[in-house]
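Taking it in order: structure first as structure tokens, then the write-up.
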Amino acid sequence: VNAARPTSRVFTILDVAGTVLFAAEGARAGILAHLDLFGVLVVALSTALVGGVIRDLLLGDTPPAAFRSPLRIVAALLGGGLTFAAFAVVGPGFGPIVDDIDAAALALFAVSGAEKAWEFKANGWTVVFLGTITAVGGGVVRDVLLNRIPFVLTQSVYATAALAGALVYYLCRRFGLANGWALALGFVVAFALRLLALLLGLSLPVVQLPAS
Amino acid sequence: VNAARPTSRVFTILDVAGTVLFAAEGARAGILAHLDLFGVLVVALSTALVGGVIRDLLLGDTPPAAFRSPLRIVAALLGGGLTFAAFAVVGPGFGPIVDDIDAAALALFAVSGAEKAWEFKANGWTVVFLGTITAVGGGVVRDVLLNRIPFVLTQSVYATAALAGALVYYLCRRFGLANGWALALGFVVAFALRLLALLLGLSLPVVQLPAS
Amino acid sequence: VNAARPTSRVFTILDVAGTVLFAAEGARAGILAHLDLFGVLVVALSTALVGGVIRDLLLGDTPPAAFRSPLRIVAALLGGGLTFAAFAVVGPGFGPIVDDIDAAALALFAVSGAEKAWEFKANGWTVVFLGTITAVGGGVVRDVLLNRIPFVLTQSVYATAALAGALVYYLCRRFGLANGWALALGFVVAFALRLLALLLGLSLPVVQLPAS
């Protein structure tokens with residue numbers, strides 16, 4: 001097992017915040033799919049942890065950070081459990097705000113994934129793609145578990161927003177900005193793009209096939 | 001490629017036994033989905049091998065044990081092939097016993113996954129979660145391949161049983177019991193819990209959503 | 001991060017060619033599933049890159065080759081983008097040829113996966129299975145993303161063709177043939193078997209279950 005490289009305190013804070021938020025989103029998806037409390041928590045854990053686990057596997061940092069301390073597991077259980085309670089008490093009217101929560105989690109994971117790849121001295125392509133995969137990986141697994149076509153295929157400005165955030169992070173570091181600024185700018189770009197897409201309902205061209 | 005660390009003989013026996021049993025379970029699922037012999041064997045191999053492959057990837061032990069020797073591949077092909085033959089000869093009346101086989105495989109993989117993580121000097125969280133993931137990983141992939149919602153989301157006492165078995169294994173080792181006792185106790189706890197859940201049809205609360 | 005071991009120039013050429021072809025196949029699948037341009041490109045990238053990423057993870061070669069240079073990402077975007085354009089201009093009449101393209105990609109990845117495992121000094125089982133998984137991995141993820149039962153389960157001579165090609169590659173190297181010959185023979189066997197299966201519509205026995 002590799003010695004884990006040190007990661008910054010701000011990385012850990014962002015990563016755990018993203019974990020809580022994605023767990024909330026995963027929990028909502030599980031509740032709407034009529035799963036019981038346990039199933040909801042499994043979806044919440046998967047949505048929240050898988051992106052980071054894939055990131056760590058791709059960087060060869062094993063066992064993944066998600067399992068090296070209780071931090072992320074407890075954060076995901078809290079995020080999922082609180083969302084279950086909120087739905088049970090407040091009802092589904094509480095739901096729409098979760099789209100914004102999801103956008104924030106997406107942006108957090110895009111920059112935390114990019115930062116970790118940067119700290120591992122990966123090149124630019126790896127930094128940008130690892131940020132993107134960290135951000136969308138959990139959601140893909142959530143949708144696959146719930147047996148539906150993943151968000152990432154049908155929402156044009158979802159992976160793109162994450163990619164833009166990771167790219168901004170990378171360019172900032174490349175041109176010498178401090179880590180904190182790079183994280184902040186990358187986050188803002190990814191978050192704003194995703195919110196904009198939600199507001200405007202952006203879409204791209206589709207090939208018109210003749211009716212079969 | 002890392003040098004594989006030595007694993008105990010009893011680990012190998014349990015791991016291969018779990019492989020045969022999960023292959024039988026996977027084969028049944030493939031047969032009931034009307035796949036041909038080849039598709040049935042692919043599902044059997046996936047169900048039987050993926051849990052251990054994920055375990056080894058998460059521990060950084062590559063290439064995974066499943067590919068380092070013919071042992072597990074042959075065991076999975078045997079388990080899957082014999083189940084196909086049994087269904088062809090005896091018919092689906094043979095099926096229900098496979099639930100018990102699945103429970104035994106779940107318990108075997110929970111403790112063998114936990115043991116391997118322990119031997120790699122992983123901490124307690126990693127030991128318990130790796131045991132659980134080893135046990136449920138193959139079944140998740142089986143259900144995803146067959147395009148249905150994974151068992152692990154709808155059967156409350158499935159991952160929980162594996163987690164309990166891995167936890168018991170960890171606590172036994174932590175408090176100084178020999179490996180053999182830890183394996184036996186962990187297995188019994190996971191197996192008994194899962195059988196109990198099958199008998200009683202346990203379930204957890206669901207959020208009641210208004211009809212949409 | 002591990003130092004990447006050198007891979008031969010011919011490996012890179014085959015691997016990138018397979019990437020372009022699989023991207024075309026993935027793009028067609030996305031178009032037929034009525035995804036927009038972005039969704040089509042995500043499916044194309046997944047189909048083209050995931051097989052090689054899994055291969056590299058299983059060999060412990062991280063970060064995977066797909067992310068270490070722009071080569072494969074650009075190749076996949078080109079293959080996917082050109083296919084989207086071709087469908088938009090020529091229409092779906094262009095589609096059937098993609099089955100042959102897919103067969104060629106399958107054969108290319110089977111031998112490039114086997115070659116890489118061989119270069120990493122893996123044993124015969126690992127070489128043959130890694131070749132097979134490299135070849136079928138992308139297609140499985142494509143079908144899982146599109147929420148349908150993977151090809152690999154229902155097309156008997158799909159994984160088998162890849163396995164045969166990887167086995168031929170391994171046997172050639174084992175008996176001292178040059179890498180180029182082993183690649184050529186392995187490719188021809190896998191490609192021919194797959195085309196033959198497409199032509200003949202081969203199938204294997206199914207267990208007849210009583211109507212339920």
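Every chain is numbered from 1, with letters handed out A, B, ... down the list of sequences.
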For the residue pair B/Asp102 / B/Tyr158, report whether a side-chain donor-acceptor contact shorter than 3.5 Å exists. yes
Under a 3.5 Å threshold, yes or no: a donor from one side chain and an acceptor from the other, between A/Arg68 and B/Asn123? no
Does the pair B/Leu35 and B/Val43 meet the rule for a side chain to side chain contact (heavy atoms under 4.5 Å, CB included), with working shown? CA-CA 9 Å; B/Leu35 296 176; B/Val43 178; 3.6 Å; yes
Could you list all the salt bridge (Lys or Arg N to Asp or Glu O under 4.0 Å) pairs where at least one residue sits in residues 38-58 of chain B, not counting sequence neighbours? B/Asp15-B/Arg55, B/Asp56-B/Lys116
Do you know which of B/Leu130, B/Thr126, B/Val152, B/Val127 has the most heavy-atom pairs under 4.5 Å to chain A? B/Thr126
Could you walk me through whether A/Val74 and B/Trp125 satisfy the side chain to side chain contact (heavy atoms under 4.5 Å, CB included) test, starting with their C-alpha distance in whole Å, then the side-chain angles of each, then the deciding distance to 0.1 Å, before giving a yes or no? CA-CA 11 Å; A/Val74 169; B/Trp125 289 91; 4.3 Å; yes
Measure distances from [X] to the heavy atoms of chain B and classify the residue's part below 4.5 Å as side chain, backbone, both or neither.
X       : answer
A/Leu32 : both
A/Ser46 : neither
A/Val40 : neither

Measure the spacing between CD1 of A/Ile97 and CZ of A/Arg28 and express it to the nearest 0.5 Å. 10.5 Å
In Å, rounded to the nearest 0.5 Å, how long is the span from CG of B/Leu193 to CG of B/Leu106? 10.0 Å
Please name all residues satisfying side chain to side chain contact (heavy atoms under 4.5 Å, CB included) with B/Ile54, sequence neighbours left out, ordered by chain then number. B/Val50, B/Leu58, B/Ile133
Please determine if A/Arg194 and A/Asp99 form a salt bridge, counting it only when a charged side-chain N lies under 4.0 Å from a carboxylate O. no
Does B/Tyr169 form a side chain to side chain contact (heavy atoms under 4.5 Å, CB included) with B/Asn179? I'd like the steps, not just the answer. CA-CA 8 Å; B/Tyr169 175 86; B/Asn179 189 33; 2.7 Å; yes
Using side chain to side chain contact (heavy atoms under 4.5 Å, CB included), reason through A/Thr19 and A/Leu49 one step at a time and then give a plain yes or no. CA-CA 7 Å; A/Thr19 301; A/Leu49 300 181; 4.0 Å; yes
Suppose a student defines contact as a heavy atom less than 4.5 Å from any heavy atom of chain B. Which residues in residues 138-151 of chain A would they list? A/Val144, A/Leu145, A/Leu146, A/Asn147
Are there residues of residues 181-192 of chain B that reach to under 4.5 Å of chain A by heavy atoms, and which ones? none
